[in-house]
Amino acid sequence: MTEKIPSADTATKVEKSLKKRRNAQWRHRQYGILAISLGMFALLALLISVLGRGLPAFKQTVLNLEITTDAVSLGVDSLDDKQLFDTANFQLPIRLALRGLFPDARSRFERRSLNKLVSTGAGFKLREVLKSNPSFLGKTFKLEVPTSDDVSAYVKGTVQINSEGKAGKLNRQQVKWTDTLIEQGHLKSVFNSAFFQTADSREPELAGIWGAIVGSALSLLVCLVISFPIGVLAAIHLEEFAKPSKLTDFIEVNINNLAAVPSIVFGLLGLAVFLNWFGMPRSAPLVGGLVLALMTLPTIIIAARAALKSVPVSIRDAALAVGASPLQACFHHVVPLAMPGMLTGSILGMARALGETAPLLMIGMVAFIADVPTGITDPATALPVQVYLWADSPERAFAEKTAAAILVLLVFLLIMNLTAIILRKKFEVRY
Amino acid sequence: MHKKTILLAGIMLAVASSASARDQIRIVGSSTVFPFSSAVAETFGKTSSFKTPIVESTGSGGGLKLFCSGIGVKHPDITNASRRIKSSEVKRCAKNGIKDIIEMKVGYDGIVIANSKKSPQMKLTRKQVWLALAKDVPNAKGKLVPNRYKTWADVDSSLPAQRIEVLGPPPTSGTRDAFVELAMEGGCKKFPAIKAMKKINKKKYKAICHSIREDGAFIEAGENDNLIVQKLNANPKAFGVFGYSFLDQNSDSLQGSLMDGVAPEFELIANGKYPVSRALFFYVKKAHVGVVPGIQEFLKAFASEKAWGPEGYLAEKGLIPMQDGERKSWANAAKTLKNLSM
């Protein structure tokens, strides 16, 4: 081949095309930037809207009342009654204290509107306080009790006073009382610590996320304990020991297929196998974890296999050359090197499992559960289920609870994904 | 290795122990009754020595299916329903050994057609609702033709010349069933020719009365009623179909349309004047009373004035209570554990 010397003609041609090619490159970069900014914009819009709605839920409006707990106020004959905690009306002392602040409210209607300023949880709180400190019985003391969701919404400014002087479900008189209570310093907003201590409730001002967090944690624990060892061992066998054959091909196709099966199918499987056949309890994190384990298993196997594949053959060969058995080569050298990749894959799989509701519906975890679960066989819900249940509730105050629950869920997802990245960065080995 | 064995043994033990007994009432069923049932469950758990019952939201049909699957701690004790139990379901129950069922009426729920307060309130009749939303409507000669009404004024000249745009629940929802049966069929019956058909060809009658148009005038907005409420606030021209409790909670921004001249208000639904309302029920397995602790006490708590009375906490949640006499007789049924009679 003889080399051609480019003529002046081709040089101008190249120059022209060069400009074109550079433009194309510039355009493609802009497309890329546009795509990323659109994505970021969507994420930002989601975060801002959720934050804007959810932040008020972290504040709780409380009323500071001076409460007298004598026999008359509690509606019992004597304070020595053994059945006191079952028979007494604990809402009554709170109502009386409130009435003391507004002696003008005399008519039945006025008193009823006045009673509605405090939450029905106030009485339960008083009962708890008295039960743990029986010495307070018969005394007068100050107690902070939660207000009703309507008062809370007005104080937080989520509802405004309309032309008729009403604010949300508060009537004109109730708005006036609330204003007076704020002026006199009885009413204030505090950090809603109860939100992180209690489980679900039908009263928005009492509902908490802790039950769902524990439920999710227990389910994920069961999921991890089951799916991680099985998934990793399956991957090791397929990648390191199994001889390529029709059977392993078949298994591989099936694993990839399973990873794409809609999650509700796993729920149905869980219902048929774990509940009906094994007779395990409904609504339990144990069953939830098992179902989620089935769901994350393919993801873990695929990730673990990819991690094993990325370990260079030379490492195996070196181990075998110095006399290690294939098993030793695998478990002493290959698996430790692949571990960060396996863990990352597992964490991402678990993060997906954390956000699932569909499979949990079939096994009874989409339920109203007022107690925080204490073990894997106790009835429990999960974080996304709580979001779903609150989003469906008619009370307006649940809207902010929904957003707050989404925030909590996002924080947990962030933590899990961050862990995955840190693990990868820290233990990643470059060859 | 030992740790794992112990853990596994622990799991097995826990499973075995929980499967043999249950000290907590389990409730399944309708998502409409769910807020009321769970409110009673919560109060019951807090004020009695029993554990808080677990309430699942599975839908009326799904709940009855679970309920009728058998006797024993594996199966739920109570199911909620936003309609009455069907005879086919009673048969299914009997086949699985559930012979004694206690029926309890909870109260009523109104279904409203509401719009934003930014628009004027509508005065509708059930006939107009059916004409606006049915798939096929009779023309001037009484022959059924596909629904061509575009605006409310096309349906009736007394209504505003505004595009028909109604957001409602999908067919899987109990609210949709009730809306179709009470509002649509109620309006459809007003045509004598169609009413006469009920006796001749019931299937065709149902098809005519229950079919909702699919040309975009009726928009299925999903099971979540809060979504419809939000969309109504954003679009003052649209109407939404949902349960009364959602109107009650959003009464500052939404208004219910008058139906046959009656406004969807608490008192008017309670005394039966508002035409589109349905009864809510729950069903209890008698064989479980005394086996699972607290069922009888739970019934008593539900049937107390403090809960379902006109001043009770369920009314606060949007339940429309029954009239005094009716309430008394159902409370009595709860006390005596009276069997269901179809």
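Protein chains get the first letters and strands the later ones, always in sequence-line order, with residue 1 at the start of each. A quick note: this is a predicted structure, and the numbers were derived from the prediction, not measured.
With a 4.5 angstrom heavy-atom cutoff, B:P53 touches chain A only via backbone atoms. For A:S393, the part lying near chain B is the backbone, with the side chain staying farther off; criterion is any non-hydrogen pair under 4.5 Å. The part of A:L275 that comes within reach of chain B is its backbone (N, CA, C, O), which places non-hydrogen atoms under 4.5 angstrom from that chain. Of the atoms belonging to A:D371, it is side-chain heavy atoms, and not backbone ones, that fall under 4.5 Å from chain B.
Note: A:P394 leads A:P394, A:A391, A:A367 in heavy-atom pairs under 4.5 Å with chain B.
Listed in order of number, the residues of residues 307-320 of chain B that approach chain A to under 4.5 Å between heavy atoms are B:E311, B:E316, B:K317.
Aromatic ring centres of B:F50 and B:F298 lie farther apart than the 6.0 Å criterion allows.
In the model, A:E205 has a side-chain atom that pairs as donor or acceptor with a side-chain atom of A:S119 under 3.5 Å. If you check the side chains of A:S113 and A:Q174, you find no donor sitting under 3.5 Å from an acceptor.
Atoms NZ and CD1, from B:K285 and B:I78 in turn, are 10.5 Å apart once rounded to the nearest 0.5 Å.
Contact check on B:D252 versus A:R396 returns a salt bridge, with a Lys/Arg side-chain nitrogen under 4.0 Å from an Asp/Glu carboxylate oxygen.
The side-chain contact (heavy atoms from CB on, under 4.5 Å) search around A:A217 returns none, not counting sequence neighbours. Partners of A:F228 according to the ring-ring contact (aromatic ring centres under 6.0 Å, His included) rule, which considers only residues two or more places apart in sequence or in another chain, do not exist here.
Residues in residues 54-65 of chain B take part in these salt bridge (Lys or Arg N to Asp or Glu O under 4.0 Å) pairs, two or more places apart or across chains: A:R282-B:E56, B:R26-B:E56.
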